[in-house]
Protein chains: 2
Amino acid sequence: MGRGKVELKKIENPTNRQVTFSKRRMGLLKKANELAILCDAQIGVIIFSGTGKMYEYSSPPWRIANTFDRYLKAPSTRFEEMDVQQKIIHEMTRMKDENNRLRIIMRQYMGDDLASLTLQDVSNLEQQIEFSLYKVRLRKQQLLDQHLLEMHHREMHIPGEQNNYLCHMVSHMYKLSPGLY
Amino acid sequence: MGRGKVELKKIENPTNRQVTFSKRRMGLLKKANELAILCDAQIGVIIFSGTGKMYEYSSPPWRIANTFDRYLKAPSTRFEEMDVQQKIIHEMTRMKDENNRLRIIMRQYMGDDLASLTLQDVSNLEQQIEFSLYKVRLRKQQLLDQHLLEMHHREMHIPGEQNNYLCHMVSHMYKLSPGLY
DNA sequence: AAAGCTATCTATAAATC
DNA sequence: TGATTTATAGATAGCTT
């Protein structure tokens with residue numbers, strides 16, 4: 001929108017970023033309000049700016065807390081039936097532990113917090129990640145092939161541009177992974 | 001937008017309402033994502049349709065819980081007013097959700113369950129994993145250097161085997177990463 | 001209920017004040 | 001800096017299939 005296309009990445013210039021934040025924040029909240037009213041939906045939006053300031057919207061006439069309460073309760077178990085407090089404490093502890101465990105694994109998988117690992121561990125990790133990368137690239141190639149095929153079919157119906165689809169494809173790929181070229 | 005201006009009131013025709021809901025919901029989430037990325041903000045959006053179905057967005061790379069944590073901790077919310085049991089329920093639910101979320105992310109990070117990701121998502125994932133791999137290899141090299149140094153020092157005290165430590169090292173490295181040689 | 005298609009309306013980036 | 005204007009990209013209402 002506006003005088004030029006904007007690529008989807010953090011705006012580096014702080015002034016521009018602040019101006020855009022202000023405009024788009026207003027736009028987002030307006031859209032949320034329209035959607036809530038037009039379609040009779042309940043909506044909650046929370047925005048924290050980079051500097052930590054909070055902005056929120058909740059569809060009238062409910063308070064935002066209600067929306068979030070529903071969110072918190074939506075995928076959860078019914079605790080009404082639970083009577084033993086001990087049970088709760090036990091379950092919480094278990095979940096907390098599992099959570100921490102997952103976080104640690106996750107961080108190591110992302111290449112952080114490797115200090116406690118032995119050479120053997122790091123090596124195993126490396127191989128696992130190599131395999132992940134292999135699978136992800138496989139999937140990416142599938143999607144690219146699919147995309148290419150679609151564009152090719154589209155081009156078939158637009159004579160005169162038959163030689164351009166590869167250019168489009170390449171430029172698209174470049175936008176997705178500029179670092180690769 | 002579209003072929004005619006719409007006044008800001010509930011769309012009475014259920015079919016039109018549903019279609020508009022679907023379109024605008026997507027639009028809203030897209031805008032939220034753009035704002036989060038362009039302006040480096042943390043954003044959470046929850047939408048309940050009139051029929052009670054829930055949709056949500058949280059600023060990348062994942063974890064709506066984070067945004068809501070900050071909301072709940074923000075000064076002067078209803079959280080303070082809740083009784084202890086309520087707080088426990090909230091906390092348990094939050095942990096459970098976070099747990100599920102971590103598992104999903106983990107699986108995607110390991111290159112499984114990629115079917116739901118777009119080309120863009122897969123591309124981002126690929127770059128993240130590449131970076132992880134880079135960090136892990138960096139750490140591995142550190143450990144190898146360290147190991148090498150230790151062996152070298154040891155050799156200094158055992159004359160007669162001075163020319164063998166490199167052979168040991170190479171064979172050790174080979175055992176760790178046979179694929180590399 | 002799902003997709004695709006434009007004419008049109010809206011949001012907003014950049015320019016200007 | 002902040003408000004206002006303008007040109008353009010983007011969103012979408014009403015259709016069609």
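No hydrogens, no waters, no symmetry mates; every other heavy atom, side chains included, goes into these values. In what follows, chains carry the letters A, B, and so on, assigned in the order in which the sequence lines appear, proteins first and then strands, with residues in each chain numbered from 1. Values in this document were obtained by computation on a predicted structure and should not be read as measured data.
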Notebook entry, point to check: Rounded to whole angstrom units, what separation is found between the CD atom of B:Q18 and the P atom of C:dA2?
Noted result: 6 Å

Next item on the list: Whole angstrom is fine here: how far is it from CZ in A:R25 over to P in C:dA11?
Entry: 16 Å

Next item on the list: Compare the minimum distances between each of D:dT12, C:dT12, C:dC9 and the side chain of B:K5, then state the nucleotide with the smallest one.
Entry: C:dC9

Next item on the list: Check whether any side-chain N or O of A:D121 sits under 3.5 Å from a backbone N or O of A:T118 as a donor-acceptor pair, and report yes or no.
Entry: yes

Notebook entry, point to check: According to the Watson-Crick and G-U wobble definitions, with both distances under 3.5 Å, which nucleotide is paired to C:dG4?
Noted result: D:dC15

Notebook entry, point to check: Nearest to the side chain of A:K31 - C:dA1, C:dT12, D:dT12?
Noted result: D:dT12

Check: How close or far is atom P of C:dA11 from atom CG of B:L38, stated in whole angstroms?
Finding: 17 Å

Give me the distances for all protein-to-nucleotides 2-6 of chain D N/O pairs that come in under 3.5 Å?
from	atom 1	to	atom 2	distance (Å)
D:dT6	O2	A:R3	NE	3.0
D:dT6	O2	A:R3	NH2	2.8

Check: Only one of A:Q128, A:Q120, A:Q127 forms a side chain to side chain donor-acceptor pair (under 3.5 Å) with A:N124, so which one is it?
Finding: A:Q120

Margin query: Name the residue from A:R24, A:K9, A:K10, A:R17 that meets the side chain to side chain contact (heavy atoms under 4.5 Å, CB included) definition with B:L38.
Written below: A:R24

Margin query: Please tell me if A:K30 has a side-chain N or O lying less than 4.0 Å from either OP1 or OP2 of C:dA11.
Written below: yes

Checklist line | For DNA chain D, the residues among residues 8-17 of chain A that have a non-hydrogen atom under 4.0 Å from it | finding: none

Check: Looking at D:dA13, D:dA11, C:dA13, which one has an atom nearest to any side-chain atom of A:T20?
Finding: C:dA13

Margin query: Checking contacts here: which listed nucleotide (C:dA11, D:dA9, C:dA13) is nearest the side-chain heavy atoms of A:E34?
Written below: C:dA11

Check: So, B:K135 side chain and A:D112 main chain: donor-acceptor pair closer than 3.5 Å or not?
Finding: no

Next item on the list: Name the pairing partner of C:dC17, where a pair is Watson-Crick or G-U wobble with both distances under 3.5 Å, or state none.
Entry: D:dG2

Next item on the list: Looking at every strand, decide which applies to A:V6 at a 4.0 Å heavy-atom threshold: base, sugar-phosphate, or nothing.
Entry: sugar-phosphate

Check: Quick one: B:L28 CG to D:dG10 P, roughly how many Å, whole number?
Finding: 18 Å

